[in-house]
Structures are given as C-alpha cells and as structure tokens.
Protein chains: 4
Amino acid sequence: MEFNEHKPIYLQIADNLCDKILSEEWKPEDRIPSVRELGMLLGVNPNTIMRAYDYLQSYGIIFNKRGVGYFISKEAKEIIISVQKQQFIQEELPKILKRMKLLGINPSELLKNNLDN
Amino acid sequence: MEFNEHKPIYLQIADNLCDKILSEEWKPEDRIPSVRELGMLLGVNPNTIMRAYDYLQSYGIIFNKRGVGYFISKEAKEIIISVQKQQFIQEELPKILKRMKLLGINPSELLKNNLDN
Amino acid sequence: MEFNEHKPIYLQIADNLCDKILSEEWKPEDRIPSVRELGMLLGVNPNTIMRAYDYLQSYGIIFNKRGVGYFISKEAKEIIISVQKQQFIQEELPKILKRMKLLGINPSELLKNNLDN
Amino acid sequence: MEFNEHKPIYLQIADNLCDKILSEEWKPEDRIPSVRELGMLLGVNPNTIMRAYDYLQSYGIIFNKRGVGYFISKEAKEIIISVQKQQFIQEELPKILKRMKLLGINPSELLKNNLDN
DNA sequence: GTGGTCTAGACCACC
DNA sequence: GTGGTCTAGACCACA
C-alpha cells in the first residue's frame, strides 16, 4: 500500500478498509488484522494503525473484543454508505458542479467519455 | 466565510478569489481588498491573506502595485481555467467517478436532478 | 451478559456472582457452574472465568473441591457485605454526591422518584 | 494535579477541564492552555494533552482555531451537563441503588448524614 | 507560536 | 497473544 503525500496515513488506512468492506472483501464478523500485524505488513507504526481502528470504531464500523481483536460490525457497510453518500451528495457534489460550471465543463458531455471506466 | 476542516485556509481564500474572478464578480484591473482589510473581514491573520495573495501572484492571477495594492491581472481568467480544467479532468474526475461507483450512485441519473442549478 | 467498557471482564463476572449471592439466588454450599460451562454461556474465555473464581476464592467467598467444582462458602454473604459496604460508604459515596452537586441533581428529590424500585 | 492509578491520564485531564467549565473557572470563548504549556505544567507528554483535547473536541466542548489554540465552546456547559446527567441517571444511578439495596444500606438515612457536605 | 502526525519503544492489564 | 496508554522526540504545515 502506498500513501498519498498530504492525507494522514491513518485516514488512508481507514479509507482503505472501508473500501474493502464496500467491495465485500471484508464481511461482517470477520476479524481484521491486529494492530501489530497490519503495522508490520504496511511498514507503519502500530500506533498509527491503532488510530485508524479507533476512528473506525467511533463510527461503529468495527468493534473490539477485548484481548481478541477487532471485527467488522454487522452494520458496517450501511454505515459507510450512509455517511459517505450523504456527505458526497450534500457537500461535495454541489461544489463539484459549481466548479465545473465556472470552468465551462459540460457535465453531460463529460459523462459520455467517462462512463465506460 | 467558513473554512473547510482539512484544507489550508490560505488555499481556500485563494480558491474563493478565483471563483469570483471566474464569475466576473472581480474583473481585470480591479483592486482587491488589502491584506489587512480582508484579514479583518474574514477574522483571519493578515499573514494568511498574504500567503493567499502570494500564491495567486505566483500564477500571474493577481499583481501588486507597490504602495497601492493588489489587482486582478488581465489574463487572470484564462490562467485559472487552463490550470484548473486540466487538473480537474485528469486528476479529480476519475476519483470522483470511482467513488460514486463504490457508493452506488448513478452519475447519469444524478445529473437529471442537478442540471437545473 | 453485557460488559462494561472500562472495567475488567473478570471483575464484572465476579460482581455479578456476588449480586446473586446477596440476593440469595445462590446459597451456601451451592455448586456454581464450572469454568468451562460459564465460559461457554457468557461467550468468554475460560481463563477469564478462572480469574474471577480465583478472585472470589481469595476473599473466601467461594471455595474449591478438587475434581468436583466451586461452591459458595457459608460466610459468603457476610464477607461480601462487610467488604463492599465500607468501601461503598467511605470511597464511592462522597464521589457520587460531589458529582451530583456539580450536575445540579438534588439527592433528596431524586429519592422520592426512585425509592419504589 | 495528581493522577488516579487506573484511569487513563488523558481522561482525567479531560474530566478536570469539564469540572472547571461546570464551575465556570473556564468560560465560553476562553482560550485554554496550548498542548505544550499544559504538558509542561502537568508534567505530562504533550501528546497526552492532545488526546484529552481531541476527546473534548469530539463532544463539541472545545474547538480549535488553527494556528491559534483551543477554546471553550459556547455550549460547553450544556453539553457536559446533558451528557453526564443522562449517563448518571440512566446508567449509574440504577446500579447504585440496586447495590445499596443488596448491601442493606438505606438511602434516606444515609442522606441525613451526608447532605451537609 | 500553534496543532497534527508519526515513529520507536516501553509498560500494562487483560484474554 | 490482544489492545491501550504513555513517553520522548521528531518533523511538518499552518497562522
């Protein structure tokens, strides 16, 4: 895994996990790697992994069984979608459309070329 | 003006000015507010405004008359468009579309509801 | 059984057993569940149950017959009361009252509504 | 400030700040000490202070002005009271009363001796 | 100056 | 073995 320059690593790790949940690579009740394991794997300090897990737990996306590890929660996928979808549609989309308008980019035309991806 | 959590304030201020240039609220040769004025207005440290102006000046979007103030350059609009357009299409758009896919948002449908804005 | 966030599970299990002794759901000479049984029942590692039993045994609340199991001791109830009562009154109560004061909760009023439980 | 053995330092620091807000030693819009300052003052690592501040910010009790510092939010007091009061009454109080009953402590009598504090 | 992130490494309680 | 907390110290971007 390679990290983007300007976004905190722990958030990138969290996002990555969310993507894997959305794509169902990780499913509810799955145990995710321990902070140490994943730290080794990614070449990152366990504390940083911890922070990512903390972040996800605060949203109810993962949960902890004490002394055992972290697990994907049952509602993980719905939570992620609802949080991100709402944020995307209410906050980001208007900005994007406004910006396209200012830049003179026509959304409809654009889509013709990009929908195949 | 409200500031986004994770983006530097000076960039947000610069973006805001660009938007006003694109929408022709500011036109070539217009004098923009002094660093102090704008700082007061936005409740922001003048140094931060300075940084935004520096940034815009480095792109040739605004220029400085010593002892007088900052002004919009003649080519401001074209510069902004050329820079932002290619960045938008090449870097941001793919990410946006990928994300919409993951979230199960259909771009074409979305547009029907949003084109009126 | 659900476990509190910040208190060790083994202590919560021990407390729970004490409550059952105080309420006489468990009586002297009763045999309590084996470590394995209770572990299964609570979805908890048997070691954790063991630790709870060890803890209670160290206070003389339960005792072990080798190869047979754990049993409630004759003096269990008195021991629990004497230990917990003084700890409650000397240590916890002052904190509780102080906190209620800060939160603007009036102890006397509260009791009127709660004494029926 | 002295720290309790078994509760995380960062939470004790957060609680302490809450107490000061409740008692109006700190008021809305006040700037609280920087993480470094308070770290020095308490003989604690700045990271630990940071964690306490993070925690409080997540409840909206304090907020950050970037590059400037942390400030008490307008609603700080109400937030603290509502959070703690609800937790106290709904979660802790029933346990306390149940425990007193089991231990044979009479709430009404107790109050007579303690209300003077 | 401020906070924010990250590392390396330690120690601890708990399972 | 697991997570959780803490320290010391570094580096960075931002105001």
Side-chain angles (χ1 to χ4, degrees), chain A residues 3 5-13 31-40 42-55 57 62-71, chain B residues 3 5-13 35 39 42-52 54-55, chain C residues 3 5-13 35 39 42-52 54-55, chain D residues 3 5-13 31-40 42-55 57 62-71:
Chain A
F3 297 111
E5 189 78 0
H6 287 302
K7 193 171 181 178
I9 292 179
Y10 80 95
L11 284 182
Q12 296 183 53
I13 293 171
R31 181 175 173 277
I32 60 179
S34 80
V35 290
R36 286 184 249 256
E37 267 180 295
L38 192 54
M40 291 276 290
L42 301 181
V44 153
N45 191 293
N47 282 330
T48 306
I49 307 293
M50 188 65 189
R51 206 160 167 187
Y53 285 8
D54 241 30
Y55 177 79
Q57 188 172 36
I62 63 179
F63 66 94
N64 178 258
K65 280 188 200 162
R66 286 196 271 172
V68 184
Y70 278 95
F71 297 78
Chain B
F3 297 109
E5 189 92 358
H6 291 297
K7 195 169 179 178
I9 291 179
Y10 81 95
L11 284 181
Q12 297 183 53
I13 293 171
V35 165
L42 300 181
V44 153
N45 191 307
N47 287 326
T48 306
I49 309 291
M50 193 59 204
R51 204 159 169 181
D54 263 5
Y55 176 80
Chain C
F3 298 109
E5 188 93 1
H6 291 298
K7 196 170 180 178
I9 290 178
Y10 83 94
L11 284 181
Q12 297 183 53
I13 293 171
V35 166
L42 301 181
V44 154
N45 190 307
N47 287 327
T48 307
I49 309 292
M50 192 60 204
R51 204 159 169 182
D54 264 6
Y55 177 79
Chain D
F3 297 110
E5 190 78 0
H6 286 301
K7 193 171 180 178
I9 293 179
Y10 81 94
L11 285 181
Q12 297 183 52
I13 293 172
R31 181 174 173 278
I32 60 180
S34 79
V35 289
R36 286 183 247 257
E37 267 180 296
L38 192 53
M40 292 276 291
L42 300 181
V44 153
N45 190 294
N47 283 329
T48 305
I49 308 292
M50 187 65 189
R51 205 162 167 186
Y53 284 8
D54 241 30
Y55 177 79
Q57 189 173 35
I62 63 178
F63 65 93
N64 176 260
K65 280 188 199 162
R66 287 197 271 172
V68 185
Y70 279 94
F71 297 78

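Every chain is numbered from 1, with letters handed out A, B, ... down the list of sequences.
- Under the rule for a salt bridge (Lys or Arg N to Asp or Glu O under 4.0 Å), D/Lys65 has no partner lying at least two apart in sequence or in another chain.
- Side-chain contact between C/Ile49 and C/Leu42: present, with at least one pair of heavy atoms (C-beta onward) separated by less than 4.5 Å.
- Residues forming a ring pair (Phe, Tyr, Trp, His ring centres under 6.0 Å) with D/Tyr10 (at least two apart in sequence, or on another chain): none.
- Consecutive pairing runs in DNA chain F reach the stem threshold at E:1-14 with F:1-14, where a stem means at least three Watson-Crick or G-U wobble pairs with distances under 3.5 Å.
- Distance, C/Phe3 CZ to E/dA13 C1': 16 Å, rounded to whole Å.
- With rounding to whole Å, A/Asn64 atom CG is found 8 Å from F/dT2 atom C1'.
- Atom CG of D/Leu42 is separated from atom C1' of F/dC6 by 14 Å (rounded to the nearest Å).
- Remark: P of E/dT5 and CG of D/Asp54 are 8 Å apart, rounded to the nearest angstrom.
- Rounded to whole Å, atom P of E/dC15 lies 8 Å from atom CD1 of C/Ile13.
- To the nearest 0.5 Å, atoms CE (B/Met50) and CD1 (B/Ile13) are separated by 13.0 Å.
- Residue contacts shown for D/Tyr53 are absent, as no nucleic acid heavy atom lies under 4.0 Å away.
- Annotation: the span from B/His6 atom NE2 to A/Leu11 atom CG amounts to 6.0 Å, rounded to 0.5 Å.
- Following rounding to the nearest Å, D/Phe71 (CZ) and E/dT2 (C1') show an atom-to-atom distance of 10 Å.
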Under 3.5 Å, which donor-acceptor pairs do the side chains of residues 32-40 of chain A form with other protein atoms, sequence neighbours left out?
residue : atom : partner : partner atom : Å
A/Ser34 : OG   : A/Arg36 : N            : 3.4
A/Ser34 : OG   : A/Glu37 : N            : 3.1
A/Glu37 : OE1  : A/Ser34 : N            : 3.1

With B for base contact, S for sugar-phosphate-only contact and - for none (protein heavy atoms under 4.0 Å), nucleotides 7-15 of chain F reads BBB----BS

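- Note: A/Asn64 CG to A/Gln57 CD = 5.5 Å, rounded to the nearest 0.5 Å.
- Taking the ring pair (Phe, Tyr, Trp, His ring centres under 6.0 Å) definition, one finds that D/Phe63 meets it with D/Phe71, sequence neighbours left out.
- We find that CD1 of A/Ile62 is positioned 11 Å from C1' of F/dG3, with the value rounded to whole Å.
- With sequence neighbours excluded, the residues that form a side-chain contact (heavy atoms from CB on, under 4.5 Å) with B/Asn47 are B/Asn45.
- Atoms CD1 (A/Ile49) and P (E/dT5) sit 15 Å apart, rounded to a whole Å.
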